[in-house]
Protein chains: 2
Amino acid sequence: MFSKACEYGIRASIFIAEQSLLDCKVSLKDVADAIESPAAYTSKILQKLSKSKLINSDKGPTGGFSMDKTQLEQVKLSTIVYAIDGEAIYNGCGLGLKNCNASKPCPVHDQFKVIREELKKMLESTLVKTLAVDLEKGLTFLKR
Amino acid sequence: MFSKACEYGIRASIFIAEQSLLDCKVSLKDVADAIESPAAYTSKILQKLSKSKLINSDKGPTGGFSMDKTQLEQVKLSTIVYAIDGEAIYNGCGLGLKNCNASKPCPVHDQFKVIREELKKMLESTLVKTLAVDLEKGLTFLKR
DNA sequence: CTAATAATGGATAAATTTATCCATTATTTA
DNA sequence: TAAATAATGGATAAATTTATCCATTATTAG
(Lines give C-alpha, C1' and ligand atoms only; values in the text may rest on other atoms or scores of the structure.)
Protein backbone atom coordinates (compact mmCIF):
# COMPACT_ATOMS: atom_id res chain seq x y z
CA MET A 1 0.00 0.00 0.00
CA PHE A 2 2.71 2.48 1.04
CA SER A 3 6.42 2.32 0.27
CA LYS A 4 8.75 1.11 3.00
CA ALA A 5 10.08 4.66 3.24
CA CYS A 6 6.56 5.90 3.93
CA GLU A 7 5.94 3.24 6.56
CA TYR A 8 9.14 4.26 8.33
CA GLY A 9 8.17 7.91 7.97
CA ILE A 10 4.77 7.40 9.58
CA ARG A 11 6.15 5.32 12.42
CA ALA A 12 8.99 7.78 13.00
CA SER A 13 6.71 10.79 13.10
CA ILE A 14 4.35 9.11 15.56
CA PHE A 15 7.32 8.40 17.83
CA ILE A 16 8.68 11.93 17.51
CA ALA A 17 5.22 13.32 18.25
CA GLU A 18 4.89 11.13 21.32
CA GLN A 19 8.24 12.29 22.68
CA SER A 20 7.49 15.91 21.83
CA LEU A 21 4.29 15.69 23.87
CA LEU A 22 6.58 14.67 26.75
CA ASP A 23 8.87 17.60 25.87
CA CYS A 24 11.67 15.36 24.69
CA LYS A 25 13.83 15.76 21.63
CA VAL A 26 15.00 12.50 20.08
CA SER A 27 18.12 11.60 18.14
CA LEU A 28 18.25 9.63 14.92
CA LYS A 29 19.36 6.63 16.92
CA ASP A 30 16.44 7.01 19.33
CA VAL A 31 14.06 6.96 16.38
CA ALA A 32 15.72 4.01 14.64
CA ASP A 33 15.71 2.03 17.89
CA ALA A 34 12.10 2.91 18.65
CA ILE A 35 10.76 1.84 15.29
CA GLU A 36 13.41 -0.80 14.46
CA SER A 37 14.48 0.74 11.19
CA PRO A 38 17.88 1.12 9.50
CA ALA A 39 19.28 4.35 10.92
CA ALA A 40 20.95 5.77 7.81
CA TYR A 41 17.90 5.14 5.68
CA THR A 42 15.63 6.60 8.32
CA SER A 43 17.87 9.66 8.32
CA LYS A 44 17.04 10.36 4.68
CA ILE A 45 13.34 10.11 5.40
CA LEU A 46 13.55 12.43 8.40
CA GLN A 47 15.46 14.91 6.26
CA LYS A 48 12.58 14.91 3.84
CA LEU A 49 10.02 15.44 6.58
CA SER A 50 12.19 18.17 8.03
CA LYS A 51 12.53 19.98 4.71
CA SER A 52 8.77 19.78 4.33
CA LYS A 53 8.54 21.43 7.78
CA LEU A 54 6.55 18.56 9.23
CA ILE A 55 9.16 18.03 11.94
CA ASN A 56 12.01 20.15 13.28
CA SER A 57 15.62 19.07 13.41
CA ASP A 58 18.49 20.67 15.30
CA LYS A 59 22.18 19.94 14.96
CA GLY A 60 24.78 19.66 17.64
CA PRO A 61 24.61 18.46 21.23
CA THR A 62 21.09 18.85 22.62
CA GLY A 63 20.01 18.61 18.99
CA GLY A 64 17.61 16.06 17.57
CA PHE A 65 14.15 15.79 16.07
CA SER A 66 10.95 17.22 17.49
CA MET A 67 7.55 18.61 16.67
CA ASP A 68 6.26 21.91 18.00
CA LYS A 69 2.71 22.77 19.00
CA THR A 70 1.75 23.93 15.53
CA GLN A 71 3.11 20.81 13.88
CA LEU A 72 1.39 18.60 16.43
CA GLU A 73 -1.88 20.34 15.66
CA GLN A 74 -1.51 20.25 11.90
CA VAL A 75 0.37 17.16 10.75
CA LYS A 76 -1.96 14.38 9.62
CA LEU A 77 -1.21 10.97 8.14
CA SER A 78 -2.06 12.46 4.77
CA THR A 79 0.62 15.12 5.24
CA ILE A 80 3.30 12.51 5.86
CA VAL A 81 2.19 10.22 3.05
CA TYR A 82 2.07 13.08 0.59
CA ALA A 83 5.55 14.28 1.57
CA ILE A 84 7.09 10.86 1.02
CA ASP A 85 5.02 8.96 -1.55
CA GLY A 86 3.43 11.89 -3.35
CA GLU A 87 -0.10 11.97 -4.65
CA ALA A 88 -0.11 8.66 -6.54
CA ILE A 89 -2.19 6.98 -3.86
CA TYR A 90 -4.92 9.59 -4.24
CA ASN A 91 -5.00 10.19 -7.95
CA GLY A 92 -3.26 7.22 -9.50
CA CYS A 93 -5.33 4.70 -11.46
CA GLY A 94 -5.71 1.33 -9.76
CA LEU A 95 -4.56 -0.40 -12.94
CA GLY A 96 -1.71 2.02 -13.70
CA LEU A 97 -3.30 3.86 -16.63
CA LYS A 98 -2.02 7.35 -17.30
CA ASN A 99 -5.26 8.94 -18.38
CA CYS A 100 -7.89 7.13 -16.40
CA ASN A 101 -10.81 9.35 -15.48
CA ALA A 102 -14.59 9.42 -15.34
CA SER A 103 -14.96 10.04 -19.07
CA LYS A 104 -12.37 7.42 -20.06
CA PRO A 105 -12.38 5.03 -17.13
CA CYS A 106 -10.37 1.87 -16.62
CA PRO A 107 -12.44 -1.25 -15.94
CA VAL A 108 -12.25 -0.78 -12.17
CA HIS A 109 -12.42 2.99 -12.05
CA ASP A 110 -15.65 3.29 -10.09
CA GLN A 111 -14.85 0.48 -7.70
CA PHE A 112 -11.45 1.92 -6.84
CA LYS A 113 -12.79 5.40 -6.52
CA VAL A 114 -14.83 4.40 -3.50
CA ILE A 115 -11.86 2.75 -1.80
CA ARG A 116 -9.47 5.59 -2.55
CA GLU A 117 -11.88 8.18 -1.22
CA GLU A 118 -12.36 6.14 1.90
CA LEU A 119 -8.59 5.93 2.34
CA LYS A 120 -8.15 9.62 1.67
CA LYS A 121 -10.82 10.55 4.18
CA MET A 122 -9.14 8.38 6.78
CA LEU A 123 -5.65 9.77 6.18
CA GLU A 124 -6.90 13.35 6.22
CA SER A 125 -8.87 12.95 9.41
CA THR A 126 -6.12 11.30 11.43
CA LEU A 127 -3.71 13.54 13.32
CA VAL A 128 -0.29 12.06 14.03
CA LYS A 129 -0.64 13.59 17.48
CA THR A 130 -3.75 11.53 18.20
CA LEU A 131 -1.89 8.35 17.29
CA ALA A 132 0.98 9.48 19.51
CA VAL A 133 -1.35 9.83 22.49
CA ASP A 134 -2.55 6.23 22.12
CA LEU A 135 1.04 5.09 21.75
CA GLU A 136 1.99 6.89 24.95
CA LYS A 137 -0.91 5.25 26.77
CA GLY A 138 0.49 1.87 25.75
CA LEU A 139 -2.53 1.08 23.59
CA THR A 140 -0.50 0.69 20.41
CA PHE A 141 3.01 -0.34 19.31
CA LEU A 142 5.68 0.66 16.81
CA LYS A 143 7.81 -2.49 16.55
CA ARG A 144 7.61 -6.16 15.42
CA MET B 1 -1.51 -0.28 -4.31
CA PHE B 2 -0.76 -3.27 -6.51
CA SER B 3 2.54 -4.20 -8.13
CA LYS B 4 3.01 -3.41 -11.80
CA ALA B 5 2.91 -7.15 -12.46
CA CYS B 6 -0.50 -7.32 -10.82
CA GLU B 7 -1.81 -4.35 -12.78
CA TYR B 8 -0.73 -6.04 -16.01
CA GLY B 9 -2.25 -9.30 -14.80
CA ILE B 10 -5.62 -7.75 -14.13
CA ARG B 11 -5.72 -5.86 -17.41
CA ALA B 12 -4.58 -8.92 -19.33
CA SER B 13 -7.18 -11.18 -17.77
CA ILE B 14 -9.97 -8.70 -18.48
CA PHE B 15 -8.89 -8.61 -22.13
CA ILE B 16 -8.63 -12.38 -22.37
CA ALA B 17 -12.07 -12.70 -20.76
CA GLU B 18 -13.55 -10.22 -23.22
CA GLN B 19 -12.14 -12.12 -26.20
CA SER B 20 -13.19 -15.45 -24.74
CA LEU B 21 -16.76 -14.18 -24.49
CA LEU B 22 -16.47 -13.56 -28.24
CA ASP B 23 -15.02 -17.09 -28.65
CA CYS B 24 -11.58 -15.80 -29.57
CA LYS B 25 -8.24 -17.06 -28.38
CA VAL B 26 -5.54 -14.40 -28.13
CA SER B 27 -1.77 -14.58 -28.52
CA LEU B 28 0.78 -13.02 -26.21
CA LYS B 29 1.24 -10.27 -28.76
CA ASP B 30 -2.50 -9.61 -28.87
CA VAL B 31 -2.52 -9.19 -25.13
CA ALA B 32 0.55 -6.98 -25.00
CA ASP B 33 -0.85 -4.78 -27.75
CA ALA B 34 -4.27 -4.56 -26.14
CA ILE B 35 -2.99 -3.49 -22.76
CA GLU B 36 0.23 -1.77 -23.90
CA SER B 37 2.57 -3.84 -21.80
CA PRO B 38 6.04 -5.28 -22.44
CA ALA B 39 5.38 -8.63 -24.11
CA ALA B 40 8.11 -10.73 -22.49
CA TYR B 41 7.23 -9.50 -19.03
CA THR B 42 3.55 -10.04 -19.66
CA SER B 43 4.42 -13.57 -20.72
CA LYS B 44 5.76 -14.35 -17.26
CA ILE B 45 2.60 -13.05 -15.66
CA LEU B 46 0.35 -15.05 -17.95
CA GLN B 47 2.39 -18.15 -17.16
CA LYS B 48 1.66 -17.58 -13.52
CA LEU B 49 -2.06 -17.15 -14.13
CA SER B 50 -2.03 -20.21 -16.35
CA LYS B 51 -0.29 -22.35 -13.72
CA SER B 52 -2.84 -21.17 -11.20
CA LYS B 53 -5.52 -22.37 -13.65
CA LEU B 54 -7.11 -18.93 -13.91
CA ILE B 55 -6.61 -18.88 -17.65
CA ASN B 56 -5.84 -21.55 -20.25
CA SER B 57 -2.90 -21.51 -22.60
CA ASP B 58 -2.29 -23.62 -25.67
CA LYS B 59 0.91 -23.95 -27.68
CA GLY B 60 1.36 -24.13 -31.40
CA PRO B 61 -0.58 -22.59 -34.27
CA THR B 62 -4.18 -21.88 -33.25
CA GLY B 63 -2.77 -21.71 -29.72
CA GLY B 64 -3.04 -18.76 -27.38
CA PHE B 65 -4.69 -17.71 -24.15
CA SER B 66 -8.34 -18.07 -23.23
CA MET B 67 -10.82 -18.55 -20.42
CA ASP B 68 -13.46 -21.23 -20.42
CA LYS B 69 -17.01 -21.00 -19.02
CA THR B 70 -15.96 -22.19 -15.58
CA GLN B 71 -13.11 -19.72 -15.36
CA LEU B 72 -15.31 -16.90 -16.55
CA GLU B 73 -17.80 -17.75 -13.83
CA GLN B 74 -15.26 -18.12 -11.07
CA VAL B 75 -12.31 -15.77 -11.55
CA LYS B 76 -12.63 -12.58 -9.52
CA LEU B 77 -10.27 -9.67 -9.09
CA SER B 78 -9.30 -11.19 -5.74
CA THR B 79 -8.29 -14.41 -7.49
CA ILE B 80 -5.91 -12.58 -9.81
CA VAL B 81 -4.46 -10.36 -7.11
CA TYR B 82 -3.87 -13.30 -4.82
CA ALA B 83 -2.14 -15.30 -7.57
CA ILE B 84 0.28 -12.48 -8.35
CA ASP B 85 0.77 -10.35 -5.24
CA GLY B 86 -0.17 -12.88 -2.59
CA GLU B 87 -2.07 -12.12 0.55
CA ALA B 88 -0.04 -9.12 1.77
CA ILE B 89 -2.75 -6.71 0.72
CA TYR B 90 -5.29 -8.48 2.89
CA ASN B 91 -3.30 -9.39 5.96
CA GLY B 92 -0.25 -7.15 5.90
CA CYS B 93 0.04 -4.36 8.47
CA GLY B 94 -0.36 -0.89 7.00
CA LEU B 95 2.88 0.18 8.69
CA GLY B 96 4.82 -2.96 7.82
CA LEU B 97 4.90 -4.57 11.28
CA LYS B 98 5.31 -8.33 11.37
CA ASN B 99 3.07 -9.06 14.33
CA CYS B 100 0.40 -6.43 14.15
CA ASN B 101 -2.95 -7.69 15.37
CA ALA B 102 -5.91 -6.70 17.52
CA SER B 103 -4.13 -7.53 20.76
CA LYS B 104 -0.88 -5.81 19.78
CA PRO B 105 -1.98 -3.26 17.21
CA CYS B 106 0.09 -0.73 15.30
CA PRO B 107 -1.05 2.88 15.70
CA VAL B 108 -3.28 2.73 12.63
CA HIS B 109 -4.50 -0.84 12.98
CA ASP B 110 -8.20 -0.06 13.37
CA GLN B 111 -8.25 2.64 10.73
CA PHE B 112 -6.57 0.41 8.15
CA LYS B 113 -8.71 -2.55 9.03
CA VAL B 114 -11.80 -0.75 7.73
CA ILE B 115 -10.11 0.18 4.46
CA ARG B 116 -8.64 -3.25 3.89
CA GLU B 117 -11.96 -4.96 4.50
CA GLU B 118 -13.65 -2.59 2.11
CA LEU B 119 -11.01 -3.38 -0.50
CA LYS B 120 -11.27 -7.09 0.11
CA LYS B 121 -15.04 -7.02 -0.20
CA MET B 122 -14.73 -5.15 -3.49
CA LEU B 123 -12.12 -7.49 -4.97
CA GLU B 124 -14.06 -10.57 -3.93
CA SER B 125 -17.35 -9.36 -5.34
CA THR B 126 -16.03 -8.34 -8.74
CA LEU B 127 -15.93 -10.96 -11.49
CA VAL B 128 -13.38 -10.41 -14.24
CA LYS B 129 -16.12 -11.45 -16.63
CA THR B 130 -18.33 -8.56 -15.55
CA LEU B 131 -15.51 -6.11 -16.21
CA ALA B 132 -14.98 -7.75 -19.60
CA VAL B 133 -18.61 -7.17 -20.55
CA ASP B 134 -18.31 -3.43 -19.87
CA LEU B 135 -15.08 -3.36 -21.83
CA GLU B 136 -16.75 -5.03 -24.78
CA LYS B 137 -19.58 -2.49 -24.64
CA GLY B 138 -17.00 0.27 -24.97
CA LEU B 139 -17.77 1.63 -21.51
CA THR B 140 -14.23 1.15 -20.22
CA PHE B 141 -10.65 1.09 -21.53
CA LEU B 142 -7.42 -0.85 -21.06
CA LYS B 143 -4.80 1.56 -22.38
CA ARG B 144 -3.26 5.00 -21.70
C1' DC C 1 38.95 28.14 21.17
C1' DT C 2 38.52 23.09 21.41
C1' DA C 3 36.31 18.89 21.76
C1' DA C 4 32.26 16.49 21.49
C1' DT C 5 27.74 15.79 19.55
C1' DA C 6 24.23 15.25 16.12
C1' DA C 7 22.15 16.16 11.72
C1' DT C 8 23.34 16.65 6.59
C1' DG C 9 24.57 15.39 2.01
C1' DG C 10 26.92 12.84 -1.42
C1' DA C 11 28.57 8.56 -3.13
C1' DT C 12 27.87 3.65 -3.24
C1' DA C 13 26.07 -0.78 -2.60
C1' DA C 14 22.53 -4.36 -2.00
C1' DA C 15 18.03 -6.04 -2.92
C1' DT C 16 13.92 -6.20 -5.38
C1' DT C 17 11.03 -5.37 -9.22
C1' DT C 18 10.52 -4.78 -13.92
C1' DA C 19 11.99 -5.91 -18.45
C1' DT C 20 14.51 -8.34 -22.30
C1' DC C 21 16.62 -12.14 -24.98
C1' DC C 22 16.85 -16.54 -26.79
C1' DA C 23 16.87 -21.45 -27.15
C1' DT C 24 13.44 -25.15 -26.33
C1' DT C 25 9.08 -27.54 -26.36
C1' DA C 26 4.53 -28.50 -27.96
C1' DT C 27 1.23 -28.29 -31.56
C1' DT C 28 -0.85 -27.68 -36.05
C1' DT C 29 -1.03 -27.71 -40.97
C1' DA C 30 0.58 -28.78 -45.39
C1' DT D 1 7.62 -35.66 -41.94
C1' DA D 2 8.85 -30.72 -42.41
C1' DA D 3 7.86 -26.06 -41.60
C1' DA D 4 5.63 -22.73 -39.17
C1' DT D 5 3.52 -21.04 -34.97
C1' DA D 6 3.04 -19.92 -30.22
C1' DA D 7 3.87 -20.64 -25.39
C1' DT D 8 7.68 -21.91 -21.96
C1' DG D 9 11.71 -21.49 -19.13
C1' DG D 10 16.19 -20.00 -18.01
C1' DA D 11 19.60 -16.50 -18.02
C1' DT D 12 20.51 -11.68 -17.92
C1' DA D 13 19.96 -6.82 -17.82
C1' DA D 14 17.89 -2.37 -16.52
C1' DA D 15 15.52 0.38 -13.26
C1' DT D 16 13.90 1.42 -8.87
C1' DT D 17 13.79 1.04 -4.02
C1' DT D 18 16.04 0.18 0.09
C1' DA D 19 20.17 0.45 2.74
C1' DT D 20 25.03 1.72 4.06
C1' DC D 21 29.26 4.54 4.61
C1' DC D 22 31.71 8.54 5.50
C1' DA D 23 33.24 13.22 5.30
C1' DT D 24 31.17 17.78 6.33
C1' DT D 25 28.54 21.26 8.74
C1' DA D 26 26.32 23.27 12.62
C1' DT D 27 25.88 23.70 17.43
C1' DT D 28 26.83 23.29 22.31
C1' DA D 29 29.49 22.96 26.51
C1' DG D 30 33.72 23.32 28.80
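To find a chain, count down the sequence lines: A is the first, B the second, and so on, and within it residues start at 1.
- If you check every strand for non-hydrogen atoms under 4.0 Å, A/Lys51 touches sugar and phosphate atoms only.
- Evaluated for a side-chain hydrogen bond (donor to acceptor under 3.5 Å, both in side chains) with A/Lys25, the options A/Asp30, A/Thr62, A/Asp58, A/Asn56 yield exactly one hit, A/Asp58.
- Among the nucleotides D/dT20, C/dT8, C/dT18, the one closest to any side-chain atom of A/Ser50 is C/dT8.
- Straight-line distance from the NZ atom of A/Lys29 to the P atom of C/dA4: 20 Å, rounded to whole Å.
- Base pairing annotation: C/dC22 forms a Watson-Crick or G-U wobble pair with D/dG9, both donor-acceptor distances under 3.5 Å.
- Here C/dA19 presents its C1' atom at 15 Å from CD of B/Glu7, a figure rounded to the nearest Å.
- At D/dT8, one or more side-chain N or O atoms of B/Ser57 fall inside 4.0 Å of OP1 or OP2 (strictly under the cut-off).
- Comparing A/Pro61 and A/Gln47 along DNA chain C, the residue whose closest nucleotide (by nearest heavy atom) sits nearer the 5' end is A/Pro61.
- Going from atom NZ of B/Lys4 over to atom P of C/dA19 covers 6 Å, rounded to whole Å.
- Using N1 to N3 plus N6-O4 or O6-N4 for Watson-Crick, or N1-O2 and O6-N3 for G-U wobble, each under 3.5 Å, D/dA29 pairs with C/dT2.
- The structure places CZ of A/Phe65 at 4.5 Å from CG of A/Leu46, a figure rounded to the nearest 0.5 Å.
- Each of B/Ile45, B/Leu54, B/Thr79, B/Ile10 was checked for a side chain to side chain contact (heavy atoms under 4.5 Å, CB included) with B/Ile84, and the lone residue meeting it is B/Ile45.
- Using a 4.0 Å cut-off, some side-chain N or O of A/Tyr8 falls inside it from OP1 or OP2 of D/dA19.
- Along DNA chain C, the nucleotide nearest B/Ala40 and the nucleotide nearest A/Asp58 are compared for position; the residue whose nucleotide lies closer to the 5' end is A/Asp58.
- If you check every strand for non-hydrogen atoms under 4.0 Å, B/Val31 touches nothing.
- Nucleotide C/dA6 holds its P atom 18 Å from the CG atom of A/Asn56, rounded to whole Å.
- Residue A/Leu28 contributes atom CG, which lies 8 Å from atom C1' of C/dA7 at whole-angstrom precision.
- If you check every strand for non-hydrogen atoms under 4.0 Å, B/Ser43 touches a base.
- In this entry the distance linking NZ of B/Lys59 with P of D/dG9 reads 7 Å, nearest Å.
- Here B/Glu7 pairs with B/Lys4 in a salt bridge; the nearest charged N to carboxylate O distance falls below 4.0 Å.
- The nearest whole Å value for the distance from the CG atom in B/Leu46 to the C1' atom in D/dT8 is 12 Å.
- With rounding to whole Å, A/Ile55 atom CD1 is found 10 Å from C/dA7 atom P.
- The side chain of A/Thr62 contributes no N or O atom lying less than 4.0 Å from OP1 or OP2 of D/dT27.
- Contacts of B/Lys44 with the nucleic acid, taken as non-hydrogen atoms under 4.0 Å apart, include base atoms.
- Inspection of the B/Ser3 and B/Asp85 side chains reveals an N or O donor paired with an N or O acceptor under 3.5 Å.
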